[in-house]
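No experiment lies behind these values; they were computed from the predicted model shown. Note that these values count all heavy atoms, side chains included, but never hydrogens, waters or copies made by symmetry.
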Amino acid sequence: MYKVSRQRGFTLIEIMVVMVILGLLVAIVAPNIMGRSDQAKVTIAETQLKNIQSALDLYRLDNSHYPSTQQGLEALVSRPSGSPEPKNWNPDGYLKSVPEDPWGNQFQYVSPGTEGPYDLYSYGADGQEGGDGDAADISVWKTEG
């Protein structure tokens, strides 16, 4: 006649055991994932520095000098004014736009530089000079190798 169905649910103990296991997994896995994100941003910054360095080298090949500090990296996007005048500036530019570092800050450019013909670097995650780990400054001259 009537079929009696018994629904069986989870006990409170079973649910708590599963929650403890999930908590342990998150505690073990989350720090590894978070650390990789920071390292990935450092790698992206290093790659961006290399791309800008290549554009600066092309600018120098065309114009016999690097842009001045005042002309800045914007000289790779649009024809700069001021001294030194770029005599053979490529009308297509050398970069489509000046990128920001992975933390949303401007790359720093100084010409002439102290480490090479120019200094090109990112202040890292903290956006300030100096720092350790992912907050350390990243220089184009220190990423070679």
Side-chain angles (χ1 to χ4, degrees), residues 6-145:
R6 274 184 108 177
Q7 291 184 325
R8 184 159 189 260
F10 295 105
T11 66
L12 181 60
I13 298 291
E14 291 170 328
I15 292 173
M16 289 181 68
V17 167
V18 169
M19 295 299 289
V20 167
I21 291 171
L22 288 174
L24 289 172
L25 285 173
V26 168
I28 291 170
V29 173
N32 292 333
I33 293 173
M34 296 305 198
R36 301 291 266 177
S37 172
D38 293 339
Q39 182 56 43
K41 286 184 178 183
V42 170
T43 302
I44 290 169
E46 290 171 347
T47 301
Q48 287 175 309
L49 286 169
K50 293 292 184 189
N51 290 340
I52 295 170
Q53 181 182 35
S54 295
L56 284 165
D57 289 343
L58 288 173
Y59 181 101
R60 182 176 178 269
L61 283 173
D62 287 349
N63 299 291
S64 302
H65 55 77
Y66 292 106
S68 67
T69 301
Q70 290 75 27
Q71 291 168 326
L73 296 177
E74 196 60 40
L76 301 174
V77 178
S78 58
R79 185 180 185 94
S81 59
S83 181
E85 182 183 343
K87 297 193 186 317
N88 296 313
W89 193 84
N90 184 341
D92 294 329
Y94 301 90
L95 291 174
K96 298 251 184 250
S97 64
V98 178
E100 291 183 336
D101 71 14
W103 301 278
N105 301 313
Q106 296 294 318
F107 284 102
Q108 305 301 308
Y109 174 75
V110 179
S111 176
T114 58
E115 297 182 53
Y118 56 85
D119 291 340
L120 177 61
Y121 53 96
S122 165
Y123 283 141
D126 63 357
Q128 298 179 11
E129 192 171 353
D132 295 321
D134 65 330
D137 296 351
I138 305 164
S139 168
V140 73
W141 306 116
K142 294 180 183 171
T143 61
E144 293 184 351

### Query
Would the number of heavy atoms belonging to other residues, nucleotides or ligands and lying under 6.0 Å from CZ of R79 be above 12?
yes
### Message
Donor-acceptor pair, distance only, cut-off 3.5 Å: does the side chain of S122 make one with the backbone of G124?
### Response
yes
### Query
If you measure from CE on M19 to CG on L12, what distance do you get to the nearest 0.5 Å?
11.0 Å
### side chain to side chain donor-acceptor pair (under 3.5 Å) partners for S68, two or more places apart
Q71
### Query
Which atom pair, heavy atoms only, marks the closest approach of D57 to Y66?
OD1-OH, 3.1 Å
### Query
Do D119 and T114 have side-chain N/O donor and acceptor atoms under 3.5 Å apart?
yes
#### Entry: Crowding at CG, L25 (>12 non-hydrogen neighbours, <6.0 Å)
yes
### Query
Would a 4.5 Å heavy-atom cut-off, applied to side chains only, mark R60 and H65 as touching?
no
### Message
Within this structure, what is the OG-CG distance for the pair S111 and L120, rounded to the nearest 0.5 Å?
### Response
10.5 Å
### Atom of E100, atom of Q48 and distance for their closest heavy-atom approach
O-NE2, 3.1 Å
### Task
State, to 0.1 Å, how close W89 and S78 come at their nearest heavy-atom pair, and which atoms those are.
CZ2-C, 3.3 Å
### Message
Show the nearest heavy-atom pair for residues I44 and P102, with the distance to one decimal.
### Response
CG2-CG, 3.6 Å
### Query
Rounded to the nearest 0.5 Å, how far apart are CD of Q108 and CD1 of I138?
12.0 Å
### Test item: L56 and L76 side chains (from C-beta on) under 4.5 Å apart, heavy atoms
yes
### side-chain contact (heavy atoms from CB on, under 4.5 Å) between D137 and Y123, intermediate numbers included
CA-CA 4 Å; D137 296 351; Y123 283 141; 3.7 Å; yes
### Query
Does P67 offer a backbone N or O that forms a donor-acceptor pair with the side chain of Y109 under 3.5 Å?
yes
### Message
Taking Y59's backbone N and O only, do any of them form a donor-acceptor pair with N63's side chain (distance below 3.5 Å, no angle check)?
### Response
yes
### Query
Atom CG of N90 and atom CG of D92: how far apart are they, to the nearest 0.5 Å?
5.0 Å
#### Entry: Rounded distance [0.5 Å steps], OG1 in T69 versus OH in Y118
12.5 Å
#### Entry: side chain to side chain donor-acceptor pair (under 3.5 Å) against D62, all qualifying residues, sequence neighbours excluded
Y94
### Task
To the nearest 0.5 angstrom, please state how far the CD1 atom of I21 sits from the CE atom of M16.
12.5 Å
### Query
Under the side-chain contact (heavy atoms from CB on, under 4.5 Å) criterion, do L49 and F107 qualify, and how do the steps go?
CA-CA 8 Å; L49 286 169; F107 284 102; 3.5 Å; yes
